[in-house]
Amino acid sequence: MADRARVAVFISGTGSNMAALLYASKMPDCPYRIVLVASNNPQSPGLDLARAEGVATFSLSHRGMGRAEHDAAMDQAVLSAGANFIALAGYMRILSPDMVKRWEARMLNIHPSLLPKYPGLDTHARAIAAGDSHAGTSVHLVTDVLDGGELLGQVEVAITPTDTPQSLAARVLAAEHQLYPRVLASYVARGSDPRFLLRRIRNLALDLPETYERESHGSAGFRVGTEKSGKFFAYFSDRHHGTPYISLLVKCGSMDELENLVEAQPHIYHKPAYYGASGWIGIILNRADTDWDLVSDWLQRSWRAVAPARLTRLIDAADSF
Ligand code: GAR
């Protein structure tokens with residue numbers, strides 16, 4: 001499959017969730033592959049399994065190291081493996097704010113409770129002690145709030161009258177093995193889902209001053225100015241004219257700049273049919289590691305190129321403060 005997302009998995013122990021992610025990745029059509037298994041515990045049994053399965057591994061004990069220093073070494077291993085996502089799977093370390101920020105929206109975690117209930121440790125004992133009818137597991141994005149980022153999926157697991165924390169943990173683990181691969185697959189696949197990409201572009205484009213959406217030849221287009229005299233500054237193009245690209249078309253400075261960018265970075269830019277000839281460049285969005293800051297910069301630049309002077313003057317005045 002073209003351009004599968006590259007995932008690094010962080011573990012500290014058994015790694016049964018890592019194994020579930022790995023075996024799911026061997027199914028046809030799985031949109032991700034595991035390119036690295038990394039651990040803060042060189043004795044993690046999960047590392048042996050990863051090696052036996054031919055997956056690259058990295059381990060570095062955190063003992064005697066500062067948190068930021070250890071995270072930086074893990075991060076370096078992830079970058080060397082070319083991963084674009086990190087899946088925490090029983091990684092029993094809190095990450096430094098820097099590391100969390102660097103992987104914002106690209107790092108997932110699985111936690112053995114129905115979040116927001118029972119963040120932290122001893123989740124099964126706490127659910128039993130509280131007399132809950134159900135425990136469960138959650139997959140969420142990692143933010144600087146412990147077990148607190150956006151929830152991506154949950155499975156409930158019934159608590160039986162004879163459950164102990166151990167027996168409950170074993171059943172929750174079985175549920176986790178079903179949940180995590182599915183949630184990870186659908187999360188990484190969002191990057192090639194035109195509805196998701198259009199929503200993101202729409203939010204960025206309509207955030208700029210005096211903009212509105214108008215369809216153009218069956219595509220979503222975005223204009224600046226008044227309804228009557230506004231001008232297009234961006235189009236959303238979904239695999240038009242036989243290209244494999246879902247892309248954002250924006251105004252390029254000159255034909256030279258366009259040709260140079262497409263030649264130098266063909267994984268990011270393309271020259272769209274028809275529009276290319278009039279100076280519109282395509283920024284490819286259906287990639288595993290789309291740089292949304294770059295997309296946002298281009299939208300602003302293109303907006304500025306066609307916006308009426310009364311609007312750009314206002315922005316320039318605001319910028320000079
Ligand atoms: C899993 O139950 C996971 O949810 C939990 O550790 C276990 C790891 O098992 N994670 C946490 O508690 C994170 N705070 P595994 O090593 O067999 O995947």
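We number each residue from 1, following the sequence as shown. Quick caveat, the model's predicted, so the values are computed rather than measured.
You'll find the side chain of Ile201 stays beyond 4.5 Å of the side chain of Asn203, heavy atoms only.
Sorted by first and then second residue, the side-chain hydrogen bond (donor to acceptor under 3.5 Å, both in side chains) pairs involving residues 63-74 (not counting sequence neighbours) are Asp71-Ser96.
When every heavy atom of Gly136 is checked against every heavy atom of Val172, the shortest pair comes out as O-CG1, 3.7 Å. Taking each heavy atom of Ile86 and Met99 in turn, the nearest pair found is CD1-CE, 4.1 Å.
Remark: Arg106 fails to qualify as a cation-pi partner of Phe85 under the 6.0 Å distance and 45° angle criteria applied to the six-membered ring.
His177 and Ser16 share a side-chain donor-acceptor pair at under 3.5 Å. With 3.5 Å as the limit, one finds no donor-acceptor pair spanning the side chains of Tyr91 and Asn41. Side-chain atoms of Ser216 and Ser219 form no donor-acceptor pair, as typed in the model, at a separation below 3.5 Å. Side-chain contact annotation: Ser247 with His270, donor-acceptor N/O pair under 3.5 Å present.
Screening Ser61, Ser59, Ser44 against Ser39 for a side-chain hydrogen bond (donor to acceptor under 3.5 Å, both in side chains) leaves a single residue, Ser44.
A salt bridge links Glu210 with Arg310: at least one charged nitrogen is closer than 4.0 Å to a carboxylate oxygen. Between Glu257 and Arg301, at least one side-chain nitrogen of the basic residue sits less than 4.0 Å from a carboxylate oxygen of the acidic one, meeting the salt-bridge criterion.
Remark: side-chain polar atoms of Arg6 are paired, donor with acceptor, to backbone N or O of Ala81 under 3.5 angstrom. Using modelled atom types, one side-chain atom of Ser113 and one backbone atom of Tyr118 make a donor-acceptor pair closer than 3.5 Å.
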